[in-house]
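Below is one structure, written out as structure tokens; the observations come after it.
One is the number of the first residue; the rest follow in order along the sequence. The model shown is predicted, which means the values in this text are computed figures rather than measured ones. Atoms considered below: every heavy atom in the structure, side chains included; atoms not considered: hydrogens, waters and symmetry mates.
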Amino acid sequence: MTVRIPRRAVRGIVAAALRPILSPRVPIRMQRRMLDLNRHTLPLPPGTRRHRTTLGGVPTERVGPPGAAAGRTVLYLHGGGYIVGSTDSHRGIAAQLSRSARAPVHVLDYRLAPQHPYPAAVDDTVAAYRALLDAGHRPARIAIAGDSAGAGLALAATLRLREAGDPLPAGLALISPWTDLTLSGVSVTANAGRDALLQAGWLRLAAASYRGDADAAAPELSPLHADLTGLPPMHAVAGADELLVSDADRLAERARGAGVEYSYRRAERMWHDYPLLAGLLAEADDAVDELGGALRRWWGDTRPSVAIIGAGFGGIGMGMSLARAGIREFTIFDKADGIGGVWRDNTYPGAACDVPSHLYSYSFAPRDDWPKRFAEQPDILDYLQRCSRDYDLGDHLRLGTEITLAQFDETAGRWRLVLDSGEITEADVLVPACGQLSVPSDAALPGLDSFRGTAFHSARWDHGHDLSGRRVGVIGTGASAIQFVPAVAPQVREMTIFQRSAPYVIPKVDRRYRRWHHWMFRRLPVSRHVARLGFWGFFEMGALGLTSFRPARLPFELAYRALRRLQVRDPALREALTPGYEIGCKRILISSDFYPALQRDNVSVVTEPVSEIDPDGVRTADGAEHPCDTIILGTGFSSQDFLAPMQVLGAGDRDLNEAWRDGARAYLGRAATTARCSSGSTAACGPPARAGTAPSPAGSPTTGRAACSSTVIGPGSST
């Protein structure tokens, strides 16, 4: 069984056991011996084979996994500030990388300072690389990897190879790269108390020991300042709490500016060289898997290109899942100028989620500082943006770009995507993550265009329109209305709510998380897991009650009846708020302040159907005129138009919208295949939510249970 240690615990161990070793007060010889003991603590993947050899006269340990791909190899350069580190201390990361890359890794035991200052380490690396070429390895099948100083050494050696006219490796895999021996990065100071491993004094000692009489700013000592033009692709991993994270940040800018392909994972709350703990730390496993995926991509492993349409919870989650799997050949399209989907668009007062925060999040990207049990719109949007940054999705986003047509080319076996600009692009796999709550519905209200006042949908809130002293008509009493009505009712002169059918409303047991909650969620992650499991169980029980086991719905019905009786004093209003259908036929709403808002002196509820909108207000079926100067549409979304306005044509030009006219159906609820609708199309929606509902601030019932999770990647080819 695989055992992973929580990040907080690992961080504490690193700070207590390793950080004191890397100190200018500890003799270098003792540092080396103590770090070599790591070979006894870090697990090796089962079946790992290793043996001693030499490359270009330099001692080397070859580490290989079972089933390693023939003809591919990694030259690994260990970190340690050029003064410590060895094949023993880095055997664990070499074995984990060999497993992920499915190729042997040669860990070079290059000469160390101060006994052998610059350029000894660069000389050894270049000699080893040339030895691989002499042994028949093709440069397109060699990658150079390294961590910390080893990553800087990988860059320095590649710069020398370029200047000498030697064939360059397929790519460089860089872990927490130290690329600036002058230590000019702002993080050296800013993260002085945050890095669990490094101390600035030790870095200065290491830099002085290695450079000898050379200029610390020379290209082979500080490759960050070198001309990077013509270098091979790079993939870098670094922790945001590192002393040296500025080196990785600036290298990303310099490399991309030089036209070098550069992908970068910047992990929040992680320290220097954290991927070396792969096998013990889940975050380290993810980072090494990404590195292995990058290596396989450079070697020409066939990986499908993926087009994801929509940058909401489904699209961002799919991108994160692909990145975790080491697949970087994907693009996320969104017609808006920012990510977030429904949480970007719905900014009405009171917008919040009706699923608890610990459940309404990705299982592999938990957040321990949610402000409230039921998060509000700004906090959820911030979470999505944070996830995008953590997984380095920025380079994969094409915002402000709408896909108007997706057509499967049966001859080429690929999707042709037509953009609103007329541009055509292609992809092997199509993932529609448009969401069911992206197209607001106006309920086809006749006369709406004739209204002389201000009218807007809750999903397109007019923040420039002052509601103070206004006569406001609210059409709809769905999930959005029960949130914005209590928020704006105190501001307006009069509010008339037009209710087509009364919803079932149960209490919202919300609370604000305090500092001790956040401390507990960070230090005791099991508490966060228990909360998630508890909420999941509650909603699953509700799903059971609303679909098959009727007695399980009783708690929900009792909660509704108790809330209505306790909060609604007027018998006539209570009767008007009684649903005329069985619980579960429509979305059950959660609010503890909606009923009180309806009893304000300036609020009235109208149950007669709306017949039309005229220039001065709303007319109901009984002929009554209700004057309004502002109309707010809480009429939900076109939730059954799964892909609108995009047209999707699969095999035989079959229209997926037409195939889904009577409800969306797909293999495992996720993949629409050739046999039914289209080829190689994987559907994604948001995180797990309540049964029969879409996770949203303002939604409509969806068909079936919310079983589709963005954490699962569906098939990528036709069947």
Open item on the list: If you apply the rule side-chain hydrogen bond (donor to acceptor under 3.5 Å, both in side chains), what do you find for Thr73 with His137, and how did you get there?
Closed with: CA-CA 8 Å; Thr73 192; His137 290 276; 5.3 Å; no
- [ ] Could you list the residues that satisfy side chain to side chain donor-acceptor pair (under 3.5 Å) with Asp249, not counting sequence neighbours?
- [x] Tyr264, Arg266
For a quick test of your reading: what N or O donor-acceptor pairs under 3.5 Å do the side chains of residues 21-28 make, sequence neighbours left out?
from: Ser23; atom 1: OG; to: Arg25; atom 2: N; distance (Å): 3.1

- [ ] Scan Gln31, Arg29, Arg33 and name whichever one has a side chain to side chain contact (heavy atoms under 4.5 Å, CB included) with Val84.
- [x] Gln31
Task: Ser305 and Glu329: CA distance, side-chain angles, deciding distance, side-chain hydrogen bond (donor to acceptor under 3.5 Å, both in side chains) verdict - done: CA-CA 5 Å; Ser305 59; Glu329 298 82 4; over 6 Å; no
Open item on the list: Quick one about Asp109 and Ser86 (side-chain donor to acceptor, distance below 3.5 Å, no hydrogens or angles considered), yes or no?
Closed with: no
Task: Ion pair Asp241/Arg11, N-O distance below 4.0 Å - done: yes
Open item on the list: Applying side chain to side chain contact (heavy atoms under 4.5 Å, CB included) to Leu155 and Met234, what does each step give before you reach the verdict?
Closed with: CA-CA 10 Å; Leu155 268 173; Met234 306 180 198; 3.6 Å; yes
Task: Closest approach of Ala278 to Val288 (non-hydrogen atoms, all atoms of both residues) - done: CB-CG2, 3.7 Å
- [ ] Provide the closest heavy-atom pair for Ala170 versus Ala140 in the form atom of the first, atom of the second, distance.
- [x] CB-O, 3.4 Å
TODO: May I ask you to decide whether Asp368 forms a salt bridge with Arg269, counting only side-chain N to carboxylate O separations under 4.0 Å?
DONE: yes
Open item on the list: Salt bridge or not between Arg99 and Asp289? Use side-chain N to carboxylate O under 4.0 Å.
Closed with: yes
Task: Side-chain donor-acceptor pair present, Asp180, Ser184, cut-off under 3.5 Å - done: yes
Open item on the list: Test side chain to side chain contact (heavy atoms under 4.5 Å, CB included) on Tyr110 and Leu153; report intermediate values, then the result.
Closed with: CA-CA 10 Å; Tyr110 58 85; Leu153 181 57; 3.8 Å; yes
Task: Nearest non-hydrogen partners of Tyr129 and Leu168, listed with the distance - done: OH-C, 3.2 Å
TODO: For the pair Tyr362 and Leu384, evaluate side chain to side chain contact (heavy atoms under 4.5 Å, CB included) and give the outcome as yes or no after the intermediate values.
DONE: CA-CA 10 Å; Tyr362 305 111; Leu384 278 174; 3.5 Å; yes
Open item on the list: Less than 6.0 angstrom from the centroid, inside 45 degrees of the normal: does Arg324 satisfy that with respect to the ring of Phe364?
Closed with: yes
TODO: For Arg52, look at atom CZ and say whether over 12 heavy atoms of other residues, nucleotides or ligands are found less than 6.0 Å away.
DONE: yes
Open item on the list: Side chains of Arg204 and Leu183, heavy atoms from C-beta outward: is any pair under 4.5 Å?
Closed with: yes
TODO: Could you please spell out the steps behind the side chain to side chain contact (heavy atoms under 4.5 Å, CB included) verdict for Val306 and Val431?
DONE: CA-CA 7 Å; Val306 183; Val431 184; 3.7 Å; yes
TODO: Say whether Ser148 and Asp273, considering side chains only, have a donor N or O and an acceptor N or O under 3.5 Å apart.
DONE: no
TODO: Using a strict 4.0 Å threshold on nitrogen-to-oxygen distance, state whether Arg398 and Asp334 make a salt bridge.
DONE: no
- [ ] Consider only side-chain N and O atoms of Ser361 and Arg528, and report whether a donor and an acceptor are under 3.5 Å apart.
- [x] no
- [ ] Determine the minimum heavy-atom distance between Ala226 and Pro219, stating which atoms define it.
- [x] CB-CB, 3.7 Å
Open item on the list: Check this for me, if you would: do Asp382 and Arg386 make a salt bridge, where the nitrogen-to-carboxylate-oxygen distance has to be below 4.0 angstrom?
Closed with: yes
TODO: Identify whether NZ of Lys or CZ of Arg in Arg367 sits under 6.0 Å from the centre of the six-membered ring of Trp370 and within 45° of that ring's axis.
DONE: yes
- [ ] Could you tell me whether Arg256 and Asp395 make a salt bridge, using a distance below 4.0 angstrom between a side-chain N and a carboxylate O?
- [x] yes
Task: Side-chain touch Pro6/Arg523, heavy atoms, less than 4.5 angstrom - done: no
TODO: Taking atom types as modelled, find out whether Ser89 and His78 have a side-chain donor-acceptor pair closer than 3.5 angstrom.
DONE: no
Task: Minimum-distance pair of heavy atoms, taken over all atoms of Ala311 and Ile316 - done: O-CG1, 3.6 Å
Open item on the list: Is there a side-chain contact between Leu133 and Pro167 in this structure, where contact means two heavy atoms from C-beta onward sitting under 4.5 Å apart?
Closed with: yes
Open item on the list: Could you check whether Glu220 and Tyr118, counting side-chain N and O atoms only, form a donor-acceptor pair closer than 3.5 Å?
Closed with: yes
Task: Charged N-O contact under 4.0 Å between Asp390 and Arg265 - done: no
Open item on the list: Can you confirm whether Met318 sits close enough to Phe330 that some side-chain heavy atom of one is under 4.5 Å from a side-chain heavy atom of the other?
Closed with: no
TODO: Run through His90, Arg91, His51 and flag the one making a side chain to side chain donor-acceptor pair (under 3.5 Å) with Glu61.
DONE: Arg91
